[in-house]
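We number each residue from 1, following the sequence as shown.
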Amino acid sequence: LEREMQLISTLLLALLGCSAPDTHTQLDERYSEIRYALGMAERDTTRNIKDSEARLRKLRWSNEEVSFFNDQTVMASIESMRKSSDPLTAKKGDAYWRHAILERSWTPAEKEREEELLARIQSKRQEETLWMSRNGATEVALNDSWTRISSSTNSLSEAEKSDLQDAWVESRMSWLEKDLVELIRLRNEVARREGFATYWELALAHRGLNPEEVTELWTKLEAMIVPI
């Protein structure tokens with residue numbers, strides 16, 4: 001475990017733009033511990049969405065991350081890094097700050113509710129749904145992407161392909177119910193506390209982007225892709 005912690009600490013330092021330990025080593029080590037434990041819990045819940053113990057671990061470490069960024073000493077250290085004359089230290093401080101705005105405004109109750117909603121949505125998405133052609137000769141699992149399904153069903157008639165597509169859309173829309181609506185509302189409420197109109201804008205800021213930059217990038221990509 002110690003070796004794994006050292007590895008995750010090194011990776012985090014690299015992610016935050018610093019290649020070696022500095023005066024903020026304790027901050028880095030604590031956050032590395034949180035991110036490592038949270039990553040393991042997320043891996044386990046992804047492997048088995050019914051793993052209640054993993055979900056509890058994920059919730060625990062999610063709340064640890066929120067507490068970390070609500071610690072005044074931590075935030076003071078981050079602000080100190082952001083103001084540093086050393087470019088690498090300032091870059092790391094900005095990276096920490098982007099993580100902070102994504103996490104610090106959550107309450108434990110909201111984190112718990114988010115995890116419940118995500119688990120239910122994921123469970124619905126993983127429910128196996130089958131489509132069968134009119135003559136019963138072809139059976140297709142609708143859980144896969146439309147690209148894969150379409151490429152593997154070229155032998156179907158146009159009418160059957162249309163029926164299959166309708167069934168796929170209906171299957172995908174089945175989990176876009178009140179749970180997803182509530183999740184969006186919950187996340188938007190958290191985002192507004194950080195001064196963002198929506199969680200999407202907050203998530204972009206977490207990545208160092210803004211809506212204008214994304215729109216500009218999309219326009220450029222569309223211009224290249226659409227003619228093809």
Side-chain angles (χ1 to χ4, degrees), residues 1-43 57-111 114-115 184 186-224:
L1 180 59
E2 182 178 356
R3 183 179 178 184
E4 291 175 332
M5 287 302 301
Q6 290 175 344
L7 176 59
I8 197 68
S9 179
T10 301
L11 290 173
L12 180 63
L13 287 170
L15 174 65
L16 295 174
C18 182
S19 60
D22 56 16
T23 56
H24 302 94
T25 299
Q26 289 185 336
L27 187 77
D28 297 332
E29 289 179 347
R30 176 54 180 158
Y31 195 51
S32 295
E33 177 188 11
I34 292 171
R35 290 305 308 173
Y36 176 80
L38 184 55
M40 293 300 99
E42 289 175 339
R43 179 203 63 185
R57 276 192 288 117
K58 180 182 176 184
L59 181 60
R60 174 200 164 188
W61 286 105
S62 291
N63 283 322
E64 285 285 344
E65 188 172 28
V66 172
S67 297
F68 177 83
F69 287 118
N70 275 284
D71 186 319
Q72 293 183 358
T73 302
V74 168
M75 292 308 299
S77 183
I78 291 173
E79 286 301 319
S80 174
M81 282 189 280
R82 295 182 74 196
K83 296 175 182 177
S84 174
S85 59
D86 175 49
L88 289 179
T89 301
K91 183 178 180 181
K92 183 169 74 168
D94 285 339
Y96 264 124
W97 181 81
R98 290 197 302 271
H99 283 279
I101 62 172
L102 189 69
E103 301 296 341
R104 66 186 177 186
S105 290
W106 289 87
T107 67
E110 287 170 337
K111 274 293 182 184
E114 182 194 40
E115 182 59 29
I184 293 171
L186 176 63
R187 287 178 166 178
N188 284 345
E189 184 176 332
V190 172
R192 283 191 287 271
R193 292 183 207 141
E194 287 290 340
F196 295 89
T198 65
Y199 190 79
W200 177 69
E201 292 184 12
L202 172 58
L204 288 181
H206 168 61
R207 299 293 182 184
L209 300 169
N210 60 56
E212 291 74 22
E213 289 173 329
V214 173
T215 300
E216 182 181 356
L217 177 61
W218 176 256
T219 300
K220 291 179 179 178
L221 289 174
E222 188 177 32
M224 291 186 292

Does a side-chain heavy-atom distance below 4.5 Å link Y96 with F69?
yes

Contact between W106 and N70 at the side-chain level, heavy atoms closer than 4.5 Å - yes or no?
no

R30 bridged to E64 by N-O distance under 4.0 Å
yes

Distance-only donor-acceptor check, side chains E65 and Y31, under 3.5 Å:
yes

Apply salt bridge (Lys or Arg N to Asp or Glu O under 4.0 Å) to E79 and list each qualifying residue two or more places apart in sequence or on a separate chain.
R82

Taking every non-hydrogen atom, the tightest pair across S84 and A90:
O-CB, 3.8 Å

Nearest-0.5 Å distance that lies between atom CD in E216 and atom CG in N210:
9.5 Å

Is it the case that over 12 heavy atoms from other parts of the model lie below 6.0 angstrom from the CZ atom of R207?
no

Measuring from atom CG of L59 to atom CG of L38, what distance do you get when rounded to the nearest 0.5 angstrom?
10.0 Å

For the student: nearest non-hydrogen atoms of L102 and A203, plus distance:
CD1-CA, 4.4 Å

Measuring only between side-chain heavy atoms, which start at C-beta, is M81 closer than 4.5 Å to I78?
yes

Side-chain contact, heavy-atom cut-off 4.5 Å: L27 with F68?
yes

For the residue pair E110 and S105, what are the closest heavy atoms and their distance?
OE1-O, 3.9 Å

Report yes if some heavy atom in the side chain of E114 is under 4.5 Å from a heavy atom in the side chain of V190; otherwise report no.
no

So, K111 and E103, do they make that salt bridge, N to O below 4.0 Å?
yes

Any side-chain heavy-atom pair from R104 and V66 closer than 4.5 angstrom?
no

Please report the closest heavy-atom contact between A41 and R57, naming both atoms and the distance.
CA-NH1, 3.5 Å

Are any side-chain N or O atoms of S77 and backbone N or O atoms of T73, one a donor and one an acceptor, separated by less than 3.5 Å?
no

Minimum heavy-atom separation for D28 and K92, please, with both atom names.
OD2-NZ, 2.9 Å

Are H206 and Y199 close enough that some pair of their side-chain heavy atoms sits under 4.5 Å apart?
no

Closest non-hydrogen atom pair, S80 against H24
OG-NE2, 4.4 Å

Hey, what do you get for CD (E212) to CG (L204), rounding to the nearest 0.5 Å?
9.5 Å

